[in-house]
Amino acid sequence: MSYNPKEIESQWQRIWEEEEAFEPSGDRKKPKKYILSMFPYPSGRIHMGHVRNYAIGDALARYYRKRGYDVLHPIGWDAFGMPAENAAIKHGLHPGKWTYENIEYMRRELGALGLSFSRKREFATCDPLYTKWEQEFIIRMFEEGLLYREKTTVNWCESCHTVLANEQVEDGRCWRCDNPVELRDMPGYYIDIVSYAQELLDDLDSLEGKWPQQVLTMQRNWIGRSEGLEFSFELTQESREKLSGLFKGYNVFTTRADTIYGVTYSALAPEHPIVKYMIEKRLLDDDIAGKIERMANMGERERAQAQKEGYPLGISVIHPLTGAEIEVWTANFVLAAYGGGAVMAVPAHDERDFEFATLYSLPIKRVIEGGELPYTGGGKLIDSAEFDGLDNEEAKRKIIEHFQKLGIGERKVNFKLRNWGVSRQRYWGAPIPLIHCPKCGLVAEKRENLPITLPEDVEITGEGNPLENHPTWKFCKCPHCGADAERETDTLDTFVQSSWYQFRYTVDPEKWEETGIDRESARYWMPVDQYIGGIEHAILHLLYARFFTKALRDLGYHDIDEPFERLLTQGMVLKDGSKMSKSKGNTVDPDSIVEKFGADTARLFILFAAPPQKELEWNDSGVEGAYRFLKRLYSRREKVKHDSIPEIEHSSLQAASKEARAKVYEALRKSEDVFEKSFSFNTLIAAVMEALNALERQKDDRVWSEGIYILLNLLEPIVPHIATQMSEELFGRRNLRKSIEIREEVFVTDTVTYAVSINGKRRSEVEVPSGAEKETIISMAAEAGSKWLGDMQIVKEIVVPGKLVNFVVKPV
RNA sequence: GCGGAUGUGGUGGAAUUGGUAGACACGCCAGAUUUAGGAUCUGGUGCCGUAUGGUGUGGAGGUUCGACUCCUCUCAUCCGCACCA
């Protein structure tokens with residue numbers, strides 16, 4: 001009977017389903033492993049990236065299950081979001097119906113890959129039961145002041161009709177639809193992630209070596225901590241009067257307190273309140289006011305690329321140490337959202353300040369010795385009063401201390417990270433469970449009324465927020481005073497759902513009604529031992545999920561600090577050198593590969609073609625090669641004549657059989673490192689292929705039986721169907737139940753091959769009895785290399801045990 | 001501009017971490033089998049050379065008995081950040 005993947009695969013998938021083979025046992029005395037691949041968005045069909053992601057996770061889950069761990073390996077659906085709503089606009093289909101139909105379809109596709117997921121723990125984030133607990137967390141955050149409402153300038157995507165968080169703007173464009181982002185002033189909800197910035201930064205150290213360096217670096221840069229001095233520039237008397245006494249001054253932040261004596265002007269962001277006030281009160285020329293407004297309204301990206309531009313405001317501040325008057329300008333390179341939207345400018349030692357000063361012929365004053373201006377390096381201070389002669393690093397400390405002593409400035413830590421805007425003006429998301437009461441203000445919905453669900457009867461047109469437009473949904477009573485009130489119609493960013501799903505899986509499904517996160521289960525299962533997903537989430541999801549973990553911990557839901565112990569970022573699947581995409585027409589449909597070759601072939605190819613971290617180039621003939629290997633493996637059933645590992649006296653075997661056993665056990669020895677550390681499945685598969693090749697070169701039945709017994713054990717996590725089928729047939733699956741002991745004796749050989757090199761160049765080789773004395777080895781090697789040693793004087797002999805002999809020679 | 005990563009046959013990729021470079025696979029070549037194609041099997045396959053041999057891990061130096069591996073410089077590609085004061 002030849003290899004028939006379809007039959008074998010559907011049979012085992014059915015059996016696993018019936019046996020509920022992949023549910024965790026719940027036995028808390030067993031060691032645990034929580035293996036999690038990032039859950040998919042139910043877009044409609046799976047793609048090769050999914051296959052890769054889940055093939056890696058499944059291999060690990062199956063490996064640990066076999067090693068006796070209780071394994072949690074769940075799957076779910078990141079089910080809220082824009083595409084469902086777009087489909088609704090286009091086809092008039094309700095987003096919920098569209099989503100659940102997609103889930104149904106994709107569940108079948110993933111099922112056909114034979115992935116060992118816990119079925120009982122599957123959920124979609126749009127399930128009301130999931131929303132219920134999420135809304136409770138949001139209410140708790142609201143009560144603790146961690147979630148707040150504020151009107152600010154936001155990133156607005158006109159094509160998505162919604163606001164975006166900072167992290168979701170890439171190169172000034174929407175991360176989802178690539179539309180340029182506009183700035184708008186709007187009220188919205190924010191989560192105070194910045195108050196966790198320090199912990200989020202510090203705990204990255206504990207992930208060192210367990211997360212890819214690249215991701216750690218990206219997160220550190222995104223959080224962007226910097227330390228410096230914050231002080232206030234006081235306006236001159238005359239300037240105060242000009243501003244009707246409404247402003248005394250403003251704060252600035254600097255990391256270069258050492259250059260304080262080099263300040264020659266100061267600059268405000270065009271959005272700064274003082275600038276806004278001056279425009280409003282027509283304190284500037286109309287012409288200039290117009291130009292400033294145009295600067296302020298430029299998009300983020302546009303502005304970053306624009307030429308430096310600025311205008312004097314006709315006001316001055318007083319230098320806090322020298323008392324000198326300093327001109328105040330407004331400039332387009334000053335960011336409103338950072339450090340108070342104002343800077344002290346030191347053109348001699350800052351490139352931006354220099355460029356600006358040169359452009360507008362502003363004074364430049366050097367205060368640090370060193371190279372050409374602008375000079376940003378270190379050195380001794382000059383022209384800096386009592387700080388002259390100090391090294392600039394020391395001066396930083398001393399000057400900050402000086403400010404503190406005088407009570408005019410503080411040491412300050414600033415972060416680039418900004419608070420997470422979670423409002424979305426869309427329908428298909430989790431409603432924010434807050435209510436606007438004309439008397440009580442913004443209040444939380446009562447717990448017993450959760451979840452607040454979405455209305456079914458909506459018209460989704462893409463114009464405006466369907467919840468806002470719904471005739472009745474938003475009208476309610478205030479939970480405090482009973483007055484007529486209105487529900488919040490914004491829904492939550494979908495990244496909120498994916499920020500805590502890793503905890504939800506740990507809850508026993510029987511308790512899903514009564515609890516959102518169960519402390520005891522979380523303590524047992526968390527953190528996720530191995531998380532697997534794409535690098536594109538290096539900031540977004542991974543930062544939010546880390547933050548949520550800490551926030552929920554502090555709200556008393558569990559005791560975990562970091563959600564993901566180890567992270568593997570898999571590379572993309574490419575075809576013809578570029579990412580598979582419909583627009584390029586270079587996609588390969590997983591279903592058709594499974595249909596033609598079977599799931600095992602797809603899994604084998606994808607794990608064999610490249611290490612998981614690297615990009616993977618899809619190759620049709622490579623797939624056929626994988627299929628060929630499985631066919632060959634399957635046909636070797638006939639070589640197996642024993643139903644377990646037979647007794648073998650190693651020394652009595654012929655050389656080829658010894659060699660085969662050594663290859664088999666080498667593969668076995670390699671497997672632990674591959675599954676637990678390196679994840680280089682490609683090399684394990686190569687080792688298995690080598691072992692099979694070596695088995696074919698020998699004839700001993702017992703060695704065959706032992707070899708197949710072990711190789712199937714190693715292959716089961718990678719190609720589970722064929723491995724289980726053959727194991728069932730040949731060994732009653734006994735070979736899959738536990739790890740197999742390594743027989744060290746197979747690595748002991750009678751002779752060892754030594755390479756013979758002369759001056760580091762390999763010339764020959766020689767068989768040396770194992771255990772030979774150094775002198776024997778050298779003389780045998782000299783014999784083998786005599787052709788090259790003839791007229792030479794041996795200066796030095798180097799013996800690397802078991803490897804080679806190197807003769808260092810020179811002409812006589 | 002700043003930061004990070006990667007450069008090994010025609011291709012995907014190995015190399016026990018300083019010790020025989022190119023495992024394993026794809027492709028290709030030759031042969032066997034087959035009515036033919038496909039499939040399968042056997043052998044070969046870094047480059048130059050008929051050959052003894054030479055040469056070879058992006059390039060140039062260096063350390064070492066010995067370097068894909070360590071150091072310096074350099075080139076290329078990819079990724080991330082991008083006025084964060």
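Note: hydrogens, waters and symmetry copies are ignored here, and every other heavy atom, side chains too, is used. So that the names make sense, note that chain A is the first sequence line, chain B the second, and so on, each numbered from 1.
Following rounding to the nearest Å, A:Tyr627 (OH) and B:A39 (C1') show an atom-to-atom distance of 11 Å. As rounded to whole Å, 13 Å separates atom P of B:A14 from atom CZ of A:Phe681. In this structure, CG of A:Asn759 is placed 11 Å from P of B:A67, rounded to the nearest angstrom. Whole-Å rounding puts the A:Leu668 CG to B:U16 P distance at 20 Å. Between the NZ atom of A:Lys596 and the P atom of B:A39 there is a distance of 11 Å, given to the nearest Å. The separation between A:Leu630 atom CG and B:U40 atom C1' is 16 Å, rounded to whole Å. One atom, NE2 of A:His349, and another, P of B:C83, lie 23 Å apart when rounded to the nearest Å. Atom CZ of A:Phe253 is separated from atom P of B:C83 by 17 Å (rounded to the nearest Å).
Side-chain atoms of A:Ser621 and A:Asn619 include a donor-acceptor pair closer than 3.5 Å. With hydrogens and angles left out, the side-chain atoms of A:Asn693 and A:Arg632 include a donor and acceptor closer than 3.5 Å. In the model, A:Gln698 has no side-chain atom that pairs as donor or acceptor with a side-chain atom of A:Arg661 under 3.5 Å.
Within the nucleic acid shown, A:Glu615 comes within 4.0 Å of sugar-phosphate atoms alone, with no base atom in reach, counting heavy atoms only. Residue A:Ala306 is classed as a base contact, given a heavy-atom separation below 4.0 Å to a base. Looking at heavy-atom distances under 4.0 Å, A:Arg220 makes no contact with the nucleic acid at all.
A stem is defined here as three or more consecutive Watson-Crick or G-U pairs, each with both distances under 3.5 Å; for RNA chain B these stems are B:1-7 with B:75-81, B:10-12 with B:24-26, B:27-32 with B:40-45, B:46-48 with B:53-55, B:58-62 with B:70-74.
Every residue was checked against the side-chain hydrogen bond (donor to acceptor under 3.5 Å, both in side chains) condition with A:Glu666, not counting sequence neighbours, and none meets it. With sequence neighbours excluded, the residues forming a side-chain hydrogen bond (donor to acceptor under 3.5 Å, both in side chains) with A:Glu672 are A:Arg67, listed by chain and number. Listed by chain and residue number, nothing satisfies the salt bridge (charged side-chain N to carboxylate O under 4.0 Å, His left out) test with A:Arg52 (two or more places apart in sequence, or in another chain). Under the rule for a salt bridge (charged side-chain N to carboxylate O under 4.0 Å, His left out), A:Lys699 has no partner lying at least two apart in sequence or in another chain. For the salt bridge (charged side-chain N to carboxylate O under 4.0 Å, His left out) test, no residue two or more places apart in sequence or in another chain qualifies with A:Glu351. Every side-chain hydrogen bond (donor to acceptor under 3.5 Å, both in side chains) that A:Tyr250 has, sequence neighbours left out, goes to A:Ser266. Every residue two or more places apart in sequence or in another chain was checked for a side-chain hydrogen bond (donor to acceptor under 3.5 Å, both in side chains) with A:Arg411, and none qualifies. Residues satisfying the salt bridge (charged side-chain N to carboxylate O under 4.0 Å, His left out) test with A:Glu767, not counting sequence neighbours, are none.
A gap of 40 Å separates the P atoms of B:C26 and B:C75, to the nearest Å. Look at the C1' atom in both B:A25 and B:U20: the space between them is 22 Å, to the nearest Å. Comparing the same atom, P, in B:C28 and in B:C47 gives a spacing of 16 Å after rounding to whole Å. With P as the reference atom, B:U52 and B:G46 are 14 Å apart, rounded to whole Å. Taking atom C1' on both B:C29 and B:G10, the two are 13 Å apart, rounded to the nearest angstrom. Atom C1' of B:U6 sits at a distance of 14 Å from the matching atom of B:U57, rounded to the whole Å. When the P atom is used for both B:U45 and B:G80, the distance is 43 Å, rounded to whole Å. Comparing the same atom, P, in B:G19 and in B:A67 gives a spacing of 11 Å after rounding to whole Å.
When side chains are defined from C-beta on, A:Leu268 does not count as touching A:Val343, because their heavy atoms never get closer than 4.5 Å.
Nearest nucleotide to the side chain of A:Thr255, out of B:G12, B:A85, B:A14: B:A85. Considering only side-chain atoms of A:Val334, the nucleotide from B:G12, B:A85, B:G80 that sits closest is B:A85.
In this structure, B:U55 shows a glycosidic angle more than 90 degrees from zero, which is the anti conformation. Base orientation of B:G9: syn, since the glycosidic angle falls within 90° of 0.
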List the atom pairs, with distances to 0.1 Å, where a side-chain N or O of residues 797-809 of chain A and a protein N or O form a donor-acceptor pair under 3.5 Å, not counting sequence neighbours.
residue: A:Asn806; atom: OD1; partner: A:Ser757; partner atom: OG; Å: 3.2
residue: A:Asn806; atom: OD1; partner: A:Gly760; partner atom: N; Å: 2.9

| task | Using a 4.0 Å cut-off on protein heavy atoms (strictly under), produce a 5'-to-3' string for nucleotides 17-26 of chain B with B for base contact, S for backbone-only sugar-phosphate contact, and - for none. | result | --BB--BBSS
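Closest-nucleotide positions on RNA chain B for A:Phe415 and A:Lys631 were compared, and the one nearer the 5' end corresponds to A:Lys631. For A:Ala610 and A:Glu355, each mapped to the nucleotide of RNA chain B holding its nearest heavy atom, the one lying further toward the 5' end belongs to A:Ala610.
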Pairs under 3.5 Å (N/O, protein and nucleotides 2-7 of chain B):
none

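The pair A:Asp192-A:Arg418 fails the salt-bridge criterion, with no side-chain N (NZ, NE, NH1 or NH2) lying under 4.0 Å from an Asp/Glu carboxylate O.
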